[in-house]
Amino acid sequence: MSAPTTATRNAVYQRDERRCAACGVLVLTFQHRRAVGMGGSKNVPSPVDGLSLCATCNAGCEGVIQAQALRFGWKVRRWVTNPERVPVFYPREMSWYRLEGVRRVRISHTVAMEMGCSVYGAEWLAWHEAIA
C-alpha cells in the first residue's frame, strides 16, 4: 500500500476524534491496519485501512504491542482483504466499533466477537478468552 491521500489521512483523524485510538493522546500518525512493509502494494489505503495512532503506539504495533494491536483490530493480518470486517476497540471509550469508511459505528461486545470470529475463527476467540 502506498501512503494515504491527504483527504483520507484527515478523514481518519477526524473519525478518530483526533486522538490516538490506543492511548488517547493528541499527537497523531496514520497507522496502516494492513501491513505495508516489504514492498507493500500499490493500493492507496481507504479510511478503513487506517487508524489514528500516536508515534509511540504506531511503532509498538509492529513490536511490543503487536499482539494487543491484532486483538483490538488496530492491525489486521496481512491476508485480510476486507479490514472493515475486523472491529476496532477504543480503550479510552471502552467500546468496540465497526469502521464504515469515514464513520465509526459503536457495536456491542457480542457483535464485535461475531465479526472477529467471522474473519479469524478460533484465533480471535483465543485472543479474547482472557479479556471476556
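Just so it is clear, the values below take in all heavy atoms, side chains as well, and ignore hydrogens, waters and symmetry mates.
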How about [X] and [Y]: do any of their side-chain heavy atoms sit closer than 4.5 Å?
| X | Y | answer |
| --- | --- | --- |
| E62 | K75 | yes |
| R18 | S52 | no |
| R104 | R15 | yes |
| C57 | Q31 | no |
| L51 | F30 | no |
| C61 | L53 | yes |
| C117 | L125 | yes |
| R92 | E17 | yes |

Single-linkage hydrophobic cluster [X]~[Y], side-chain heavy atoms < 4.5 angstrom:
| X | Y | result |
| --- | --- | --- |
| M113 | V119 | yes |
| V25 | W74 | no |
| V88 | V12 | no |
| V111 | V80 | yes |
| Y13 | V48 | no |

[atom2] on [Y] to [atom1] on [X], rounded to 0.5 Å:
| X | Y | atom1 | atom2 | value |
| --- | --- | --- | --- | --- |
| T5 | R9 | OG1 | CZ | 8.5 Å |
| Y97 | M115 | OH | CE | 13.5 Å |
| C54 | N58 | SG | CG | 8.0 Å |
| F72 | Y90 | CZ | OH | 13.0 Å |
| I107 | L99 | CD1 | CG | 9.0 Å |
| E84 | R33 | CD | CZ | 8.5 Å |

Mutual orientation of the aromatic rings belonging to W124 and W96 [parallel < 30°, tilted 30-60°, perpendicular > 60°]: tilted
Whether over 12 other heavy atoms sit under 6.0 Å from Q14 CD: no
Worked check of side-chain contact (heavy atoms from CB on, under 4.5 Å) between L70 and R77: CA-CA 8 Å; L70 287 166; R77 294 272 191 223; 3.3 Å; yes
Minimum heavy-atom distance P45-T8, with the two atoms named: O-CG2, 3.7 Å
Check: H128 side chain, R71 main-chain N or O, donor-acceptor pair, under 3.5 Å: yes
Salt-bridge present (E93, R19; N to O < 4.0 Å): no
Residues R34, D49: salt bridge by 4.0 Å N-O rule: yes
Proximity of W79 and Y120 rings by center, below 6.0 Å: yes
